[in-house]
Amino acid sequence: MAKPVLLVTRKLPDGVEARLASLFDARLNSADEPWFRDGAEIARRARAAGAAGVLCAAGDPMNAGTIAALPDSVRIVTTFSVGVDHIALDACKARGIAVTHTPEVLSFATAECAFTLMLMAARRAGEGERLVRSGKWEGWAPTQLMGVTLQGKRLGILGFGRIGRQLAEMARGMQMEIHYHDVQRLPPELEKGATFHPDEDGFLAAIDVLSMHVPGGEGTRKWLNAARLAKMKKGALVVNTGRGPSVDDEALIAALKSGHIRAAGLDVYDGEPKVHPGYIALENVALLPHLGSATIETRDAMGARCIENLEALLIRGENPPHRAA
Ligand code: DGY
């Protein structure tokens with residue numbers, strides 16, 4: 001029997017591509033040619049191939065226009081990401097196209113990334129690295145690049161899902177106090193002693209570090225705006241490894257410039273790969289290029305999740321295990 005045709009929009013780890021090629025008639029983009037940035041081109045290639053599935057990734061424009069232009073042969077869109085904010089879920093649903101993603105396997109790596117940024121912001125690691133590389137460092141000095149310790153500080157986690165809870169686990173090891181805000185309180189076995197703040201204002205006023213883990217989309221657009229920043233303590237830190245659009249960049253840049261927010265660490269950006277020039281100009285913000293899940297182990301595990309989903313639907317005719325819609 002002919003193997004189902006799978007259109008793959010991005011270069012994936014070699015082992016993942018090899019497995020895809022063994023199971024499917026996989027049309028790979030191993031050279032990572034930039035056609036994945038163009039929804040019309042993704043749909044054109046899916047039509048030309050008679051694809052039964054599309055394997056896309058975070059940031060690919062799988063919007064309503066792209067989904068509408070896919071051929072009727074497409075039964076599944078699987079994304080190499082946990083986030084699905086780049087996919088028009090309603091449009092997929094209306095066309096009977098299953099959408100799957102890669103939950104759980106990237107929680108630890110993404111929490112590690114949030115932790116890295118929290119430390120970089122607190123300990124001015126980016127500034128220090130730039131100083132050494134500039135050749136201008138003149139040696140140890142008692143008042144040089146003094147940051148703040150995380151020990152004993154209150155970490156406020158916005159969105160206490162898998163990634164937020166994994167970060168809490170790590171932060172307990174740094175003797176931080178864990179606070180969280182979410183739409184609902186979690187059971188004690190998941191809370192593990194963290195303080196729940198049903199009220200947003202109380203949460204923002206209580207914490208020393210805000211780490212954002214919200215999924216993106218219209219519901220959280222520009223959530224961290226000037227009004228909410230003003231409710232935070234002077235000298236607090238901000239970390240975002242969720243989605244860029246949930247931060248109002250102008251407001252955060254103003255707060256970083258005034259010192260109301262001491263420092264920030266960002267891995268995601270509104271309109272990435274563009275980064276607001278206001279951030280680039282500031283010393284007190286650590287900037288990473290959306291590295292949250294970028295470990296060899298995690299990317300292999302994300303590939304395995306995609307394959308589980310594709311095999312279930314396209315080979316065995318079963319409901320895929322990790323459906324987002
Ligand atoms: C995701 O999985 O949603 C990340 O942002 C990309 O790893």
Side-chain angles (χ1 to χ4, degrees), residues 8-13 15-17 20 29 32 36-37 42 54-63 66 76-89 92 98-118 157-167 211-221 223-224 238-247 249 264-275 286-310 320-325:
V8 182
T9 65
R10 306 300 311 272
K11 163 82 187 111
L12 299 175
V16 176
E17 288 193 338
L20 286 171
N29 185 5
D32 223 9
F36 64 83
R37 296 193 192 282
I42 293 174
V54 177
L55 196 168
C56 63
D60 290 0
M62 302 302 287
N63 52 36
T66 308
I76 180 167
V77 168
T78 189
T79 181
F80 192 88
S81 63
V82 67
V84 289
D85 52 311
H86 55 297
I87 305 176
L89 299 180
C92 289
V99 179
T100 67
H101 64 148
T102 64
E104 294 143 19
V105 291
L106 43 66
S107 304
F108 198 94
T110 308
E112 273 180 338
C113 183
F115 207 86
T116 303
L117 285 168
M118 185 159 70
I157 300 180
L158 179 73
F160 211 46
R162 292 187 194 95
I163 299 169
R165 296 199 302 274
Q166 188 63 67
L167 177 65
S211 188
M212 299 180 60
H213 301 275
V214 289
E218 277 318 302
T220 53
R221 185 151 185 85
W223 185 89
L224 188 63
V238 169
V239 170
N240 187 16
T241 52
R243 282 295 180 261
S246 42
V247 172
D249 291 326
L266 307 176
D267 186 46
V268 288
Y269 308 90
D270 194 1
E272 64 188 53
K274 282 196 299 250
V275 176
L287 304 171
L288 295 181
H290 203 150
L291 290 182
S293 62
T295 70
I296 294 165
E297 298 87 343
T298 301
R299 292 285 161 87
D300 283 345
M302 289 166 73
R305 275 277 192 271
C306 290
I307 291 166
E308 272 176 70
N309 287 314
L310 291 164
H322 305 289
R323 281 190 82 138

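In listed order, ligands and their atoms are each counted from 1.
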Enquirer: Per the salt bridge (Lys or Arg N to Asp or Glu O under 4.0 Å) rule, what does the pair list look like for residues 290-306, sequence neighbours excluded?
Expert: E104-R305, R305-E308
Enquirer: Is a side-chain N or O of N29 found less than 3.5 angstrom from the main chain of T9, in a donor-acceptor match?
Expert: yes
Enquirer: Applying side chain to side chain contact (heavy atoms under 4.5 Å, CB included), name anything that partners F108, two or more places apart in sequence or on another chain.
Expert: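 E112, Q166, M170.
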Enquirer: One line per pair, note the atom names and distance for all nitrogen or oxygen contacts under 3.5 Å between ligand 1 and the protein.
Expert:
from     : atom 1 : to   : atom 2 : distance (Å)
ligand 1 : 2 (O)  : V82  : N      : 2.7
ligand 1 : 3 (O)  : V82  : N      : 3.4
ligand 1 : 3 (O)  : G83  : N      : 2.8
ligand 1 : 3 (O)  : R243 : NH2    : 2.7
ligand 1 : 5 (O)  : R243 : NH1    : 2.8
ligand 1 : 5 (O)  : R243 : NH2    : 3.3
ligand 1 : 5 (O)  : H290 : NE2    : 2.7
ligand 1 : 7 (O)  : S293 : OG     : 2.6

Enquirer: Is the shortest side-chain heavy-atom distance between I87 and C56 below 4.5 Å?
Expert: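 Of all side-chain heavy-atom pairs linking C56 with I87, at least one is under 4.5 Å.
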Enquirer: Indicate yes or no: at least one non-hydrogen side-chain atom of I296 is less than 4.5 angstrom from one of P13.
Expert: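 When only atoms from C-beta onward are counted, P13 and I296 do not touch, as no gap falls below 4.5 Å.
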Enquirer: What residues, two or more places apart in sequence or in another chain, satisfy side-chain hydrogen bond (donor to acceptor under 3.5 Å, both in side chains) together with S246?
Expert: none
